[in-house]
Structures are given as C-alpha cells and as structure tokens.
Amino acid sequence: MGSADPKALVRLNGKSLLARSLETIISSGVASTIVVAAPEEFLMRARNEIDSISESGAEESESSIAGMRITAVAGGEDRIESVQLALKYAGDADIVLVHDAARALTPSEVFRRVADAVSAGAEAVVPVLPMTDTVRRVESRPAAHSDHRQAMNDHRATTNDGPRAPQSQPDANGWQVVVESGAENDQKLPTVEVLHGDLDRSQLRRVQTPQGFTASTLRRAHERYEDDLAASGPGGLTATDDAGLVERLGVDVVAVDGDEEALKITYPLDLVLGEHIAKKRDAGATRDAGATRDATQREQATVDAGPNGAKPNAASEGEQ
C-alpha cells in the first residue's frame, strides 16, 4: 500500500479505514458492542480513533452511540486468532458480526441485511456478489526447457567433449535449475501456471464482510478449529474466514446481497477507487447535513413567528 501504517489506519479523504468502518457500523444501528482487534503496537492509535468517533458522534447525534460500548484489544498472529480474542470481549450478545476494516466503504444496508438474516433464523450469513470474470483452475509446473536443452546440445556437439544430458534440480525458491555441462551454462527456469477448464460462474460468488453468526455457532466453530489444529499440528489447517470454520461444522452458510462499493482496500489501485467513493459520499453527507440544518432553522423561525406571521410580544405571551 506504500504506507508504514497498518491498512486499517490508511486514510480515505482524511478518515482512516477504521474510522469509516466504525461510523458505518454505528449508523447501521445493528451493534450494541464493537470490539476492534488491532496489532498491539498500534493499539493506542486504534483507541484514539475510537475516541475521535465517540466525540464526533456525541456532537452530531448523541442517540446514535448512546449505550454503545466500543473498545480496542490486541489482536493475534492471524485473522482467526484475532477474532477469538475479540470474542472474549463481545459480552453476551446473541448475534456476532465479523467485519474487515479494509472494507471500510461497506454501506450500512449490508450490515442490516446480514443482521436481519441471522435474526430470522440463519446460523451463518455472508454478503456476496456474482462472479463476473472467467475463472480457471491453475496448476504450477516447471517451465518447459526442451528448446533450451536442444540448443545447448547442438552447441556441445561441435566441441571435443560432446553433449551431456541435462539434469533438473529443484531449489528452495520454486525455480527449476537446469544443469548442463558446466557452471557457466547453468540457468534457472521459472515455475509456470498451467490453466485448466472453465468454472461455472453461475455457481460462484465473491464473498464480502460483515459475516454474521449466532454467537453460539461462531464460538463452537472456533473451538472445533482449535481442537483440529492441535490434532493436526502446525501448518495442518488453513482458514481464510469465519464462514469457512462454521461450514466445517456442517452448518449452512446463507448468502445475502453484498455491494460493489464494499471493495476490499488491498492494492494502491483500490485506494484510488476508494478515495473517489469516499469523496462522493462525504460531499453528499455534507449537503444532507446542510439541508437538514436549514430545514430545522426554517421550522424554528415559523414557530417563533406565531400563527399570523408576527412574532408574539411578551405581553401577549403572558395573556395566552
């Protein structure tokens, strides 16, 4: 990303991804408790972001954060461990939503759709989008080197030593080392990706966050993962999200509509698009706030003027 800061503290139009995520969660109205899992070395900065959101929220709309608890805790070595640590501070909520701060532009409607689906009876819910690109399976193979070998053999055929059969030796970096007749002719050939077939796009979805779960199901999934990890040893299991852990329990993961603007800020190009979306939203929010303020002032002026358009004097007020 070209920044020394963690991704969650990278800014879009002046606000960090973390701050934008918090603002959206608060405005969605789905949360009573928010737990931020942050790298330990950035924990104070995360808490400062929380404080700034709480202060601005109290000034603009006190009711939106009334009774809400927002805290930051030190995260773990990976996503799964960070969620486990955050769950310890989630209290006794029946529903838990797990969100990636890198998807800071996720609209509040997506949070509500996920929470509503869990409330309606689903144990696990994820927002998704259809797959639009052609998708193929890939297999990694050493690059073909028959042409290179033949050229070297033709060259060696003109020398007194004659050609030697090449020997392929893999090295630790995934490259293929082709050993010819002398060290001066050694050459590394890369591993290439060979594509196989088309996957049916109609059956594929792009998964977003927040992912929603009944709290009991999510805790049970993490407990099962810990047991399986202990049995298999380090490196024996991989998990990319919480929905995958829940699926291992045999629980159905239900899909709801995601949103194209809920992109994950991962690469510099994502920042360019995210900045554009953030500026557009912020400008719209400023216009809406101004219109609301003007309407309130007009309404107050009408009340002050009285029913006949004349502001009542002190005497008439006392007589009424």
Side-chain angles (χ1 to χ4, degrees), residues 8 15-38 46 49-58 60-73 79 82-129 207-219 221-222 241-243 245-246 251-265 277-278 281 284-285 288:
K15 290 183 181 180
S16 71
L17 302 187
L18 174 58
R20 289 187 178 276
S21 294
L22 292 174
E23 287 178 344
T24 301
I25 295 170
I26 292 170
S27 67
S28 72
V30 302
S32 58
T33 299
I34 301 176
V35 183
V36 177
E49 293 286 323
I50 291 173
D51 290 341
S52 67
I53 293 298
S54 299
E55 292 169 2
S56 63
E60 297 173 7
S61 177
E62 188 172 343
S63 62
S64 66
I65 60 172
M68 182 178 295
R69 182 171 65 91
I70 308 176
T71 186
V73 301
R79 175 193 178 93
S82 293
V83 173
Q84 291 172 345
L85 292 169
L87 277 172
K88 296 179 180 179
Y89 295 85
D92 57 357
D94 295 328
I95 297 175
V96 176
L97 271 60
V98 181
H99 185 54
D100 190 342
R103 295 188 185 273
L105 297 171
T106 301
S108 57
E109 292 80 4
V110 177
F111 284 87
R112 287 192 284 267
R113 280 198 290 267
V114 172
D116 289 347
V118 180
S119 297
E123 290 186 70
V125 178
V126 297
V128 301
L129 291 175
V207 174
Q208 299 181 322
T209 64
Q211 298 182 354
F213 311 92
T214 59
S216 59
T217 297
L218 183 59
R219 294 181 192 278
H222 277 273
D241 64 5
D242 296 275
L245 297 186
V246 169
V251 172
D252 288 337
V253 179
V254 177
V256 297
D257 289 339
D259 193 284
E260 288 290 354
E261 290 191 355
L263 72 160
K264 188 174 183 179
I265 306 296
I277 296 172
R281 285 190 186 178
D288 292 344

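Note that the numbering runs from 1 along the sequence shown for the chain. Remember, predicted model here, so these are calculated numbers, not experimental data. Atom set for the values below is all heavy atoms of this structure, side chains included, hydrogens, waters and symmetry mates excluded.
- Considering only heavy atoms from C-beta on, Leu18 comes within 4.5 Å of Leu22 through its side chain.
- Closest heavy-atom contact between Ala215 and Ala93: CB-O, 3.2 Å.
- By the 4.5 Å heavy-atom criterion applied to side chains, Ile34 and Arg69 are not counted as neighbours.
- What you find for Val110 and Pro210 is that their closest heavy atoms are CG1-CD, 4.0 Å.
- Under the 3.5 Å distance criterion, the side-chain polar atoms of Thr209 are matched with a main-chain donor or acceptor of Asp100.
- In this structure, Arg112 pairs ionically with Glu109, as a charged nitrogen and a carboxylate oxygen lie closer than 4.0 Å.
- Side-chain atoms of Arg103 come within 3.5 Å of backbone N or O of Ala262 as a donor-acceptor pair.
- For Phe111, the ring pair (Phe, Tyr, Trp, His ring centres under 6.0 Å) partners two or more places apart in sequence, or in a different chain, are His99.
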Original post:
Passes side-chain contact (heavy atoms from CB on, under 4.5 Å), Glu23 versus Lys15? Steps please.
Top reply: CA-CA 10 Å; Glu23 287 178 344; Lys15 290 183 181 180; 3.1 Å; yes
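- Here the closest heavy-atom approach between residue Ala90 and residue Arg219 is recorded as CB-NH2, 4.4 Å.
- Contact annotation: the side chain of Ile95 never approaches that of Thr214 to less than 4.5 Å [non-hydrogen atoms, C-beta and beyond].
- Of all the heavy atoms in Tyr89 and Thr33, the pair that sits closest is O-CG2, 4.1 Å.
- One finds the CG atom of Leu105 at 5.5 Å from the CD1 atom of Ile265 (value rounded to the nearest 0.5 Å).
- Side-chain contact between Asp259 and Thr106: absent, with no pair of heavy atoms (C-beta onward) separated by less than 4.5 Å.
- With respect to Asp242, the side-chain hydrogen bond (donor to acceptor under 3.5 Å, both in side chains) criterion is satisfied by exactly one of Gln211, His222, Gln84: His222.
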Subject >> side-chain contact (heavy atoms from CB on, under 4.5 Å) between Glu49 and Val36, worked out >> reply: CA-CA 11 Å; Glu49 293 286 323; Val36 177; over 6 Å; no
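- When all heavy atoms of Ser16 and Ala8 are compared, the closest pair comes out as CB-O, 3.7 Å.
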Extract all donor-acceptor atom pairs below 3.5 Å that involve side chains of residues 114-128 and protein atoms in other chains or at least two apart in sequence.
residue : atom : partner : partner atom : Å
Ser119  : OG   : Ala115  : O            : 3.0
Glu123  : OE1  : Thr217  : OG1          : 2.7

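- In this structure, Arg20 CZ and Ile25 CD1 are separated by 14.0 Å, a value rounded to the nearest 0.5 Å.
- Looking only at side-chain heavy atoms (C-beta outward), Thr24 and Ile26 stay at 4.5 Å or farther from each other.
- The side-chain heavy atoms of Pro107 and Arg281, taken from C-beta on, include a pair separated by under 4.5 Å.
- Val96 is listed as a side-chain neighbour of Leu87, based on a closest heavy-atom distance under 4.5 Å.
- Note on residues 88-97: no pairs pass salt bridge (Lys or Arg N to Asp or Glu O under 4.0 Å), not counting sequence neighbours.
- Counting all heavy atoms, side chain and backbone alike, Arg113 lies closest to Gly258 at NH2-O, 3.4 Å.
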**OP:** Begin with the C-alpha distance, continue with both residues' side-chain angles, and end with the deciding distance and a verdict on side-chain contact (heavy atoms from CB on, under 4.5 Å) for Thr71 and Ile50.
**Re:** CA-CA 7 Å; Thr71 186; Ile50 291 173; 5.8 Å; no
